[in-house]
Amino acid sequence: MAFSGSTSGTTFNALKVVDHAFRRCRLQAQNITSEMHTYALESLYLMLSEMANIRTPSWCIERVILPMYQNQPIIPLPLGTVDVLNLNYLTLQQVSGDLTITSTSYKVDFLSETVVNTVGVKWAGASVPLTFQVSDDEITWYTVGSTSEAAVAGEIIWTDIDAAQAYQFFRITSPSTIDYLAITLGNMPQEIPLGVLNRDTYVQQSNKVFPSRPNSFWFQRDIPVPEVHLWPAPFAAAEQAQLILWRHRHIMDTQNLQQDVEVPQRWIEAIVNGLAARMAAETPQVDAALIPMLEGRATVSMQRAWDGDNDGSPTYINPGIGAYTR
């Protein structure tokens with residue numbers, strides 16, 4: 001038999017999803033207008049957004065590093081955050097050595113081989129792209145990471161070095177002047193889970209700006225971005241620590257028909273069926289008698305997709321009261 005030899009190599013962009021949805025509505029290609037494509041994309045956006053209210057899609061769980069600032073207990077979360085799954089306070093063992101500093105580089109000689117897991121830069125001006133390199137002889141340098149994250153004066157950018165190895169020399173370089181207030185190099189990361197407060201418990205704290213190491217938080221689903229309120233408020237040492245956020249985020253927007261829909265291959269059938277049912281309800285040219293069939297097909301395929309969206313790990317039941325506060 002002649003097999004393709006390819007697995008998951010077929011691309012399925014938004015145009016294919018939309019076209020298949022229209023076909024299931026029994027609409028011929030010559031009858032599909034640009035306006036219909038526009039509101040099909042809008043319906044796709046609404047459907048993917050609504051999925052955040054049902055469960056947490058496995059591919060929408062994301063780890064984010066957040067900086068803390070002294071006496072600032074309110075931490076805005078990245079745009080698109082739906083829920084805080086875990087929030088940990090991470091401390092580092094700071095490492096140092098002999099410094100050689102120029103306007104565009106920051107080099108450390110540790111005098112012996114040392115691992116650097118994390119780099120933190122507190123900026124004195126606008127951030128610039130940085131490259132992180134290691135060496136054992138100051139001749140051959142290996143790039144182990146980089147960052148081009150935007151920040152303004154007073155903000156901190158943290159960058160993890162993946163699969164960090166021990167080297168004697170570590171340097172930070174940039175094509176532009178590195179205008180910083182402080183640079184932190186650290187290893188031996190230790191994470192401490194923060195407790196979750198409901199609104200009533202947080203509001204009843206008599207001193208919400210008491211400075212210390214944060215040990216708990218209240219999650220506020222605010223707009224345009226949600227926030228966590230730390231308690232106690234971060235003290236000075238928290239600026240050399242991190243918040244490790246595991247968040248449930250929204251599925252990425254599909255802004256045009258040429259982009260891929262951010263769902264795994266196993267979900268495409270469910271997305272096409274769900275979109276077809278929505279389009280049938282919004283498109284006058286679709287026979288109304290088709291709508292119950294399309295909605296039933298969408299319900300079945302969506303349930304199959306959700307049932308298969310797990311990591312196979314054991315299930316733990318926590319009989320909490322989800323709607324304690326509103």
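Bear in mind that the values here come from a model prediction, so they are computed numbers and not experimental data. Positions are given from 1, in the same order as the sequence printed here.
You'll find the ring centres of Y202 and H229 inside the 6.0 Å limit. Between Y167 and F110, the ring center distance fails the sub-6.0 Å criterion.
Linking Ile, Leu, Val, Met, Phe, Trp and Tyr residues whenever their side-chain heavy atoms come within less than 4.5 Å places M47 and L290 in a single cluster. Hydrophobic cluster membership differs between F217 and V209, with clusters built from Ile, Leu, Val, Met, Phe, Trp and Tyr side chains linked at under 4.5 angstrom. In the hydrophobic clustering of ILVMFWY residues, with side-chain heavy atoms under 4.5 Å counting as a link, V95 and L111 come out apart. With hydrophobic clusters built from ILVMFWY side chains whose heavy atoms lie under 4.5 angstrom apart, I157 shares a cluster with I172. Under the 4.5 Å side-chain contact rule for hydrophobic residues, F235 and W231 do not share a cluster.
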Problem - From CA spacing to verdict: side-chain hydrogen bond (donor to acceptor under 3.5 Å, both in side chains), D109, Q168 - result: CA-CA 6 Å; D109 178 359; Q168 181 175 340; 3.0 Å; yes
Exercise for the section: Kindly indicate, with the supporting measurements, whether the criterion side-chain contact (heavy atoms from CB on, under 4.5 Å) is fulfilled by L294 and N273. Expected result: CA-CA 7 Å; L294 293 172; N273 284 334; over 6 Å; no
Practice task
Report the C-alpha distance between K122 and E155 in whole Å, list the side-chain angles of each, state the deciding distance to 0.1 Å, and finish with yes or no for salt bridge (charged side-chain N to carboxylate O under 4.0 Å, His left out).
Solution key: CA-CA 6 Å; K122 185 171 185 178; E155 292 185 339; over 6 Å; no
Handout entry: R278 vs E50, salt bridge (charged side-chain N to carboxylate O under 4.0 Å, His left out): CA-CA, chis, key distance, verdict
Key = CA-CA 13 Å; R278 287 173 177 262; E50 186 186 33; 2.6 Å; yes
Exercise for the section: Quick one: do D83 and R221 satisfy salt bridge (charged side-chain N to carboxylate O under 4.0 Å, His left out)? Show the steps, please. Expected result: CA-CA 8 Å; D83 197 8; R221 283 180 166 155; 3.7 Å; yes
Problem - Step-by-step side-chain hydrogen bond (donor to acceptor under 3.5 Å, both in side chains) determination, T11 to N13 - result: CA-CA 6 Å; T11 59; N13 62 12; over 6 Å; no
Practice task
Kindly determine whether T254 and Q259 satisfy side-chain hydrogen bond (donor to acceptor under 3.5 Å, both in side chains), including the steps that lead there.
Solution key: CA-CA 6 Å; T254 305; Q259 293 178 340; 5.4 Å; no
Handout entry: side-chain contact (heavy atoms from CB on, under 4.5 Å) evaluation trace for Q265 with F12
Key = CA-CA 9 Å; Q265 178 182 342; F12 221 87; over 6 Å; no
Exercise for the section: Could you please spell out the steps behind the side-chain hydrogen bond (donor to acceptor under 3.5 Å, both in side chains) verdict for T100 and Y106? Expected result: CA-CA 6 Å; T100 303; Y106 179 97; over 6 Å; no
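Looking at R247 and V64, their side chains come closer than 4.5 Å, going by heavy atoms from C-beta outward. Side chains of P78 and L245 form a contact here, defined as non-hydrogen atoms less than 4.5 Å apart. Side-chain contact between T173 and I178 is absent, with no heavy-atom pair separated by less than 4.5 Å.
If you check the side chains of T143 and Q133, you find a donor sitting under 3.5 Å from an acceptor.
Relative to the six-membered ring of W141, R171 meets both conditions, a distance below 6.0 Å and an angle of at most 45° to the axis. A cation-pi contact links R213 to Y89, judged by a cut-off of 6.0 Å to the six-membered ring centre and 45° from its axis.
Ring orientation note: the planes of W59 and W267 are nearly perpendicular, at an angle over 60° on the 30°/60° scale.
Annotation for E138: atom CD counts as buried by contact number, over 12 foreign heavy atoms lying within 6.0 Å. Taking a 6.0 Å sphere around CE of M293, one finds it holds more than 12 heavy atoms contributed by other residues, nucleotides or ligands.
Of the options E262, H248, H250, a side-chain contact (heavy atoms from CB on, under 4.5 Å) to P57 is made by H248 and by none of the others.
For the residue pair V116 and A164, the shortest heavy atom distance occurs at O-CB, 3.3 Å.
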